[in-house]
Amino acid sequence: MTTIMPTDKNLRNAIAWIEEHRRGDADLKGLMAQASTRFNLTPTEELALAKFYREEAASR
């Protein structure tokens, strides 16, 4: 499956970090919150991150 990565560097780094730490039934919402703080995401970037994972879940 091909995934389209966002163009924003902070957002790309956050997604890469989440995927690196995501295992099995890991708490995705918790990882998203940690990534948001870790990569200093703006509210707009946080919404894009949530949309990215919502679309990923819908495509499964």
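Residue numbers run from 1 in the order of the sequence given. Quick note: numbers below take in every heavy atom, side chains included, and nothing from hydrogens, waters or symmetry partners.
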Legend entry - Same cluster (ILVMFWY, side-chain, under 4.5 Å), L41 and L28: yes
Legend entry - Pairwise distance CD(E20) to CD1(I18) - rounded to 0.5 angstrom: 11.5 Å
Inset, instruction - Report the C-alpha distance between Q34 and W17 in whole Å, list the side-chain angles of each, state the deciding distance to 0.1 Å, and finish with yes or no for side-chain contact (heavy atoms from CB on, under 4.5 Å). - result: CA-CA 10 Å; Q34 287 178 31; W17 183 85; 3.2 Å; yes
Legend entry - Residues that A50 engages under side chain to side chain contact (heavy atoms under 4.5 Å, CB included), provided they are two or more places apart: M32, R54
Legend entry - Reported CZ-to-CG distance for the pair F39 and N13, which is rounded to 0.5 angstrom: 5.5 Å
Inset, instruction - List for me each residue that meets side chain to side chain contact (heavy atoms under 4.5 Å, CB included) alongside E19, sequence neighbours excluded, and say none if there are none. - result: I15, R22, Y53, E56
Inset, instruction - Find the distance between CZ (R23) and CG (L31) and round it off to the nearest 0.5 Å. - result: 10.0 Å
Inset, instruction - Looking only at non-hydrogen atoms, find the nearest pair between L11 and D8 and report the distance. - result: N-OD1, 3.1 Å
Legend entry - Contacts of type salt bridge (charged side-chain N to carboxylate O under 4.0 Å, His left out), residue E46, not counting sequence neighbours: none
